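In the text below, chain A, chain B and the rest are named by the order of the sequence lines, each starting its count at 1. Note that the structure is predicted; figures quoted are calculated from it, not measured.
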2 protein chains.
Amino acid sequence: MDRTQSADWAGRAEATLRERGHKASAPRSAVLALIGRQECVVSAQDIADELKRGRQKVGIATVYRTLEILEELRLVQRLDLGGESARFEPATPDGHHHHHHFVCRICGRAIPFEDDSLERVIDVLGKRLKATVEEHDVILKGVCPDCEG
Amino acid sequence: MDRTQSADWAGRAEATLRERGHKASAPRSAVLALIGRQECVVSAQDIADELKRGRQKVGIATVYRTLEILEELRLVQRLDLGGESARFEPATPDGHHHHHHFVCRICGRAIPFEDDSLERVIDVLGKRLKATVEEHDVILKGVCPDCEG
DNA sequence: GTCGATGCAAAGAATTTGCAGGACC
DNA sequence: GGTCCTGCAAATTCTTTGCATCGAC
């Protein structure tokens, strides 16, 4: 099911880009495919490195430019998890369960989790504030089980 | 009451630094005083600029070094709100109500808010996860009332 | 006096941008 | 064929570091 969803994401992204008048290209497709395969966050450098190991090499500038477009179209979400660089993950279509992140201070790994009560509270909160809330991130920081003790 | 609390923070910070064997200095005191006066986040550059306008000029390197120490001692919290640079704010003593941030996509301002239900849910969540949660950030993004068309 | 703190300037790291050539439609 | 895309390298921006000097204890 993961794989099905992944394929969907890349396909949906390609379609959206085409609709918006963007042209197809091998490097861009490779980036989309890789992002679609992610269950959690990756940095621009991660993407470039991963692709470099494969057959399709992609310049880091292209990775950034592609991510910029995807972010504008809300196909990926940019996250600042406190590391050196920004990280990105495929955005979930509206209403679908999306997750948040626990970041380990020791190993730096980001571990995704979801929680319905949390979403509900944030929903209510959004209504209480006068502002229009378009997106939200919850970041927990601490020590993960592997690094514990 | 704000002012009392601010004075407390700077005083507490100075005391903690002294305890840890750090030496006092005019530049550092100026940074501490300024941070203590903040109700919300500022960037390192904000701090340097603000002090430059006053009588005590402080090099940006000193600002960063001071912030680094303060962060280690958990006297300030570093926040990645998605802007270009990291922002900092005085940390609240344990257990005191701390706030989170709404960031406006148009004007970039960070608006603080607090919510007890949110804290409670995150508390429970921390227990559900096997990891030790040491801190958490909730960031809402959208459009603030002033920028709302 | 000793050792931490400062400021400047240089080094680093992440991200963006300019440009010439190449590919898509 | 025009326009968008790509890769490289240069430019930017934020942050850290090296170093000589100054000041606190």
Side-chain angles (χ1 to χ4, degrees), chain A residues 13-35 41-52 54-73 75-88 108, chain B residues 13-35 41-52 54-73 75-88 108:
Chain A
E14 298 249 28
T16 307
L17 290 179
R18 218 176 311 126
E19 272 172 35
R20 299 301 181 111
H22 291 285
K23 293 177 179 170
S25 83
R28 184 168 288 177
S29 291
V31 172
L32 293 178
L34 192 152
I35 294 174
V41 295
V42 282
S43 68
Q45 195 62 62
D46 290 340
I47 295 175
D49 290 348
E50 184 75 27
L51 293 175
K52 196 179 305 175
R55 51 204 78 75
Q56 179 64 57
K57 319 238 188 280
V58 179
I60 189 75
T62 296
V63 173
Y64 276 112
R65 284 190 274 235
T66 301
L67 286 170
E68 186 184 4
I69 296 171
L70 293 173
E71 193 187 359
E72 273 170 19
L73 297 176
L75 286 164
V76 303
Q77 177 162 23
R78 173 198 296 260
L79 291 158
D80 293 294
L81 298 183
E84 331 64 43
S85 58
R87 311 208 216 163
F88 304 82
Chain B
E14 297 249 27
T16 308
L17 290 178
R18 218 176 311 126
E19 271 173 36
R20 298 302 181 109
H22 292 286
K23 292 177 181 170
S25 83
R28 186 167 286 177
S29 290
V31 172
L32 294 179
L34 192 153
I35 294 175
V41 294
V42 282
S43 69
Q45 195 62 61
D46 291 339
I47 295 174
D49 290 347
E50 185 74 26
L51 293 176
K52 197 179 307 174
R55 50 203 78 74
Q56 180 64 58
K57 320 235 187 281
V58 181
I60 189 75
T62 296
V63 174
Y64 276 111
R65 284 190 276 236
T66 301
L67 286 169
E68 186 185 3
I69 296 171
L70 293 173
E71 193 187 1
E72 273 170 19
L73 298 177
L75 286 164
V76 304
Q77 176 162 25
R78 172 197 297 261
L79 291 157
D80 294 294
L81 298 183
E84 331 64 43
S85 58
R87 312 209 214 163
F88 304 82

Separation of atom CG in B/L51 from atom C1' in C/dG7, rounded to whole Å: 14 Å
Between C1' of D/dC14 and CG of B/L81, the distance in whole Å: 15 Å
Minimal non-hydrogen separation, B/P27 against B/T62, with atom names: CB-CG2, 4.4 Å
Candidate nucleotides C/dA14, D/dA24, D/dT16, ranked by approach to the side chain of B/A24 - the nearest: D/dA24
Nearest-nucleotide 5' precedence on DNA chain C, B/K23 against B/Q56: B/K23
Of B/V42, B/I35, B/L32, the residue whose pairing with B/V76 passes side chain to side chain contact (heavy atoms under 4.5 Å, CB included): B/I35
B/R28 side chain reached by B/I69 side chain, heavy atoms, under 4.5 Å: yes
Closest nucleotide among D/dG23, C/dG7, D/dT15 to the B/P27 side chain: C/dG7
Closest approach of A/A48 to A/V58 (non-hydrogen atoms, all atoms of both residues): CB-O, 4.3 Å
Near-strand residues of residues 57-73 of chain B, defined as heavy-atom separation under 4.0 angstrom from DNA chain D: B/A61, B/Y64, B/R65
Spacing of A/I47 atom CD1 relative to C/dA14 atom P, expressed in whole Å: 15 Å
Rounded interatomic separation in angstrom, taking CZ from B/R28 and P from C/dG7: 11 Å
Evaluation steps, side chain to side chain contact (heavy atoms under 4.5 Å, CB included), between A/I47 and A/L67: CA-CA 10 Å; A/I47 295 175; A/L67 286 170; 4.3 Å; yes
Net bend of the helix from C/dG1-D/dC25 to C/dC25-D/dG1, end axes of five pairs each, nearest 10 degrees: 30°
Separation of atom CG in B/L79 from atom P in D/dT15, rounded to whole Å: 13 Å
Sugar-phosphate only, base, or nothing, as touched by B/A86 at under 4.0 Å among non-hydrogen atoms: sugar-phosphate
Considering all heavy atoms, the nearest A/A86-A/D80 contact: CB-OD1, 4.1 Å
Minimum heavy-atom distance between B/Q56 and B/A30, given as atom pair plus value: CG-CB, 3.6 Å
Spacing of A/D46 atom CG relative to C/dA14 atom C1', expressed in whole Å: 13 Å
Short side-chain N/O contact from B/S25 to OP1 or OP2 of D/dA24, under 4.0 Å: no
Euclidean distance, atom CG of residue A/L32 to atom C1' of D/dC5 [Å, nearest integer]: 13 Å
Nearest-Å distance for atom pair CZ/C1', residues B/R87 and D/dT15: 16 Å
Any side-chain heavy-atom pair of A/L73 and A/L17 under 4.5 Å: yes
Side-chain donor/acceptor of B/K52 to backbone N/O of B/K57, under 3.5 Å: no
5' precedence on DNA chain D between B/S85 and B/A26 (nearest-nucleotide basis): B/S85
